[in-house]
Amino acid sequence: NAGVTQTPKFRILKIGQSMTLQCTQDMNHNYMYWYRQDPGMGLKLIYYSVGAGITDKGEVPNGYNVSRSTTEDFPLRLELAAPSQTSVYFCASSYSSSSAGGYTFGSGTRLTVV
Amino acid sequence: AQKITQTQPGMFVQEKEAVTLDCTYDTSDPSYGLFWYKQPSSGEMIFLIYQGSYDQQNATEGRYSLNFQKARKSANLVISASQLGDSAMYFCAMREFNTDKLIFGTGTRLQVFP
């Protein structure tokens with residue numbers, strides 16, 4: 001059981017480049033999330049999805065886009081990368097809010113924009 | 001708006017001693033969930049313990065317990081018999097039940113010394 005799989009694990013981008021961070025879960029979770037974690041800080045929500053075809057903005061959505069065409073996949077797109085987007089990105093998924101616990105996090109993608 | 005506050009940027013504790021990590025929260029929702037996660041230096045997010053807003057008893061998981069004081073809106077994590085491997089960042093988080101979003105605090109870095 002793979003859980004939440006994020007690729008790549010590391011990436012260096014030049015300013016202005018674009019890339020897609022991949023996230024796949026095999027637990028049939030309806031809810032999926034993208035967080036970013038800046039050094040020494042907590043996680044901030046970028047975008048989330050409550051099901052296929054439904055996405056919504058979190059706290060820090062600027063500079064990012066998402067799509068959710070299937071239950072399993074929730075890719076995060078960075079357009080025109082900026083140094084401020086240097087961070088560690090976590091994808092997570094969960095069951096419905098009625099369950100205790102139930103969040104599974106990926107291992108993270110460390111992104112550096114130079 | 002919902003908010004999680006962790007006022008201790010860093011804590012030190014001697015091995016085998018107990019330590020309390022503070023967390024206060026702010027929400028107007030009657031239903032919510034409170035979580036603690038551990039993030040070691042390797043970066044993964046490890047779920048420790050969960051407390052539902054309607055749970056009558058404080059949650060416990062092995063050496064971890066959650067001191068839930070609903071009227072004071074606090075959810076402190078107590079680690080008993082600290083071990084060197086407990087050295088890590090600890091994050092308190094709260095789930096919004098209508099969206100399932102998980103909101104994080106800024107974290108507390110715990111260092112356990114021999």
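Proteins get letters first, then strands, A, B, ... in listed order; numbering begins at 1 in each.
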Turns out that what part of Gln6(B) lies under 4.5 Å from chain A's heavy atoms comes down to neither
Contacts of residues 101-114 of chain B with chain A (heavy atom under 4.5 Å): Lys101(B), Leu102(B), Phe104(B), Gly105(B), Thr106(B)
State plainly whether one hydrophobic cluster holds both Leu78(A) and Ile15(A), where clusters connect Ile, Leu, Val, Met, Phe, Trp and Tyr through side-chain heavy atoms under 4.5 angstrom apart. yes
For residues 47-77 of chain A against chain B, heavy atoms under 4.5 Å, the residues are Tyr48(A), Val50(A)
Transitively linked via ILVMFWY side-chain contacts under 4.5 Å: Ile46(A) with Phe105(A)? no
Linking I/L/V/M/F/W/Y whenever their side-chain heavy atoms sit closer than 4.5 Å, directly or via other members, would Val78(B) and Ile49(B) fall into one cluster? no
Flag if over 12 foreign heavy atoms under 6.0 Å of NZ, Lys73(B): yes
Working to the nearest 0.5 Å, report the span between CG of Leu43(A) and CD of Gln39(B). 6.5 Å
Could you check if a side-chain atom of Phe91(B) sits within less than 4.5 angstrom of a side-chain atom of Gln37(A), using non-hydrogen atoms only? yes
Count I, L, V, M, F, W, Y as connected when their side-chain heavy atoms are under 4.5 Å apart, and connections chain through other members. Are Met32(A) and Met45(B) then in the same cluster? no
Do Met27(A) and Tyr31(A) land in one hydrophobic cluster if side-chain heavy atoms of ILVMFWY residues count as linked below 4.5 Å? no
Residues of residues 80-92 of chain A contacting chain B, heavy-atom criterion under 4.5 Å, by residue number: Phe90(A)
CD (Gln14(B)) with more than 12 external heavy atoms under 6.0 Å: yes
Only counting residues at least two apart or in another chain, list the ones meeting ring pair (Phe, Tyr, Trp, His ring centres under 6.0 Å) with Tyr33(A). Tyr103(A)
Tell me whether Ile12(A) at atom CD1 has more than 12 heavy atoms from other residues, nucleotides or ligands lying less than 6.0 Å away. no
